[in-house]
**Student:** 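Okay, handing you the structure first.
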Amino acid sequence: MKFFVDTAEVDQIAELNDLGMVDGVTTNPSLIMKSGRDILEVTKEIADMVEGPVSAEVVALEADAMIAEGRKLAKIADNIAVKVPLTWDGLKACKVLSGEGNMVNVTLCFSANQALLAAKAGATFISPFIGRLDDINLDGMELISDIRQIYDNYGFETQILAASIRSVNHAYLAAMIGSDVMTAPPKVIKQMAEHPLTDKGLESFMADWAKTGQKIL
Ligand code: G3P
């Protein structure tokens, strides 16, 4: 499973990128707001840093305006994926922008039928929001599983990008189901390294090592 980092915080992306953990980056209007940066500037900086796709989201609601914004965002760098919302206008914009050779990430997906439409409109990525479904007592993972089955049934090449990942368990389940990509906040990716038995084991090794009185360096 590819790892995209869900943030516009350049320092945090750089830390994970240096470790080879970053296959791409996703941003959205809320993450740009949190960064306090100009969208064009910060997106360029991120796209220059990472090799993989960097999603930058349009904010227009009508198809022609989304297409115009998408074309401008796509010009920032070759690795930009234009992000459009899963509305009828967003699907129209997806069709046009993907037809022009751009990567398109269709976001705010909450049903398998929406994902089917996005694939037919030529989406490169579909972004089902797991955490936000869980927030309203629905099963975000069931949605990932349904989309996986539908895409496999018909050989759609649209990649499933599990989004709104809030926990290490979300990450684990998305990988088990066969999501192509997950996008997660840096904090969740770092938490994946943690295990209480690792901490406990290390503590006991350190205590025994101290008793030997030895040094390696
Ligand atoms: O990738 C979409 C993500 O930014 C939404 O996450 O936690 O705001 O639902 P969240």
Side-chain angles (χ1 to χ4, degrees), residues 1-61 63-86 90-109 118-119 121-129 157-165 171 174 179-190 192:
M1 184 167 68
K2 285 179 269 188
F3 281 12
F4 287 2
V5 189
D6 199 29
T7 185
E9 303 296 334
V10 176
D11 293 350
Q12 295 183 30
I13 297 167
E15 183 191 357
L16 291 168
N17 195 42
D18 289 346
L19 272 178
M21 298 286 178
V22 178
D23 299 304
V25 174
T26 50
T27 65
N28 61 37
S30 302
L31 295 171
I32 295 292
M33 182 273 293
K34 277 186 202 153
S35 76
R37 301 277 311 272
D38 172 83
I39 183 171
L40 300 179
E41 277 175 25
V42 75
T43 305
K44 170 93 179 108
E45 203 175 320
I46 296 168
D48 285 347
M49 185 197 313
V50 307
E51 277 183 26
V54 175
S55 290
E57 187 159 343
V58 302
V59 290
L61 299 177
D64 285 342
M66 283 187 201
I67 292 164
E69 288 181 356
R71 286 177 180 146
K72 181 165 181 178
L73 293 170
K75 279 201 192 110
I76 295 173
D78 288 345
N79 56 340
I80 296 297
V82 178
K83 211 168 171 190
V84 299
L86 213 157
L91 292 170
K92 287 183 190 170
C94 174
K95 181 72 183 160
V96 171
L97 291 165
S98 61
E100 291 174 354
N102 300 296
M103 289 186 283
V104 179
N105 176 359
V106 180
T107 189
L108 290 168
C109 170
T124 316
F125 301 104
I126 182 69
S127 290
F129 275 33
E157 288 180 4
T158 300
Q159 295 181 51
I160 302 173
L161 200 177
S164 187
I165 294 260
S179 190
D180 300 288
V181 192
M182 72 153 187
T183 188
K187 187 178 82 173
V188 173
I189 294 175
K190 290 173 96 169
M192 289 170 74

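From a predicted model like this one, the values you see are computed outputs, not experimental measurements. Counting begins at 1 with the first residue of the sequence. What you see below is based on every heavy atom in this structure, not just the backbone, and it leaves out hydrogens, waters and symmetry mates.
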**Student:** Using side-chain heavy atoms (C-beta onward) and a distance below 4.5 Å, is Met66 in contact with Pro85?
**Tutor:** yes

**Student:** Indicate the atoms forming the closest heavy-atom contact of Ile165 with Ala162, along with that distance.
**Tutor:** CG1-O, 3.6 Å

**Student:** Please check if the side chain of Thr27 supplies one atom and the backbone of Ser55 the other of a donor-acceptor pair under 3.5 Å.
**Tutor:** yes

**Student:** Measure the spacing between CG of Asp6 and CG of Asn28 and express it to the nearest 0.5 Å.
**Tutor:** 6.5 Å

**Student:** Do you know which two heavy atoms are closest between Gly90 and Val84, and how far apart they sit?
**Tutor:** O-CG2, 3.5 Å

**Student:** For Asn79 and Ala47, which heavy atoms make the closest approach, and how far apart are they?
**Tutor:** ND2-O, 3.1 Å

**Student:** Would you give the length of the straight line joining atom NZ of Lys72 to atom CD1 of Ile80, rounded to the nearest 0.5 angstrom?
**Tutor:** 13.0 Å

**Student:** I need the single residue from Leu91, Val96, Leu97 that forms a side chain to side chain contact (heavy atoms under 4.5 Å, CB included) with Val104. Which is it?
**Tutor:** Leu97

**Student:** Please check if the number of heavy atoms outside Asp78 that lie under 6.0 Å from its CG is greater than 12.
**Tutor:** no

**Student:** Which heavy atom of Val82 sits nearest to which heavy atom of Ala74, and what is that distance?
**Tutor:** CG2-CB, 4.0 Å

**Student:** Closest approach of Ala119 and Thr158, non-hydrogen atoms and distance?
**Tutor:** CA-OG1, 3.4 Å

**Student:** Testing the basics here: between Met182 and Ala171, what is the closest heavy-atom pair and its distance to 0.1 Å?
**Tutor:** SD-CB, 3.6 Å

**Student:** Taking CD in Glu100 as the centre, count heavy atoms belonging to other residues, nucleotides or ligands within less than 6.0 Å. Is the count above 12?
**Tutor:** yes

**Student:** What residue pairs, at least two apart or across chains, pass salt bridge (Lys or Arg N to Asp or Glu O under 4.0 Å) with a residue in residues 31-44?
**Tutor:** Arg37-Glu45, Lys44-Asp48

**Student:** Quick one: OG1 on Thr7 to CD1 on Ile13, what's the gap to the nearest 0.5 Å?
**Tutor:** 5.5 Å

**Student:** Out of curiosity, Met192 CE to Phe3 CZ, how far, rounded to the nearest 0.5 Å?
**Tutor:** 3.5 Å

**Student:** With side-chain contact (heavy atoms from CB on, under 4.5 Å) as the test, would you mind laying out the steps for Val25 and Asn17 before giving the verdict?
**Tutor:** CA-CA 10 Å; Val25 174; Asn17 195 42; over 6 Å; no

**Student:** Looking at residues at least two apart in the chain, or sitting in another chain, which of them share a side-chain contact (heavy atoms from CB on, under 4.5 Å) with Ala63?
**Tutor:** Asp89, Lys92

**Student:** When rounded to the nearest 0.5 angstrom, what distance separates CG in Asn105 from CD in Glu57?
**Tutor:** 8.0 Å

**Student:** Is any side-chain heavy atom of Thr183 closer than 4.5 Å to a side-chain heavy atom of Val181?
**Tutor:** no

**Student:** Could you go step by step and tell me if Leu161 and Thr26 meet the side-chain contact (heavy atoms from CB on, under 4.5 Å) rule?
**Tutor:** CA-CA 10 Å; Leu161 200 177; Thr26 50; 4.2 Å; yes

**Student:** Report yes if some heavy atom in the side chain of Ile160 is under 4.5 Å from a heavy atom in the side chain of Pro128; otherwise report no.
**Tutor:** yes

**Student:** If you round to the nearest 0.5 Å, how far is CG of Asn102 from NZ of Lys75?
**Tutor:** 10.0 Å

**Student:** Checking Leu16 now: which residues fulfil side-chain contact (heavy atoms from CB on, under 4.5 Å) with it, not counting sequence neighbours?
**Tutor:** Val5, Met21, Val22, Pro186, Ile189, Lys190

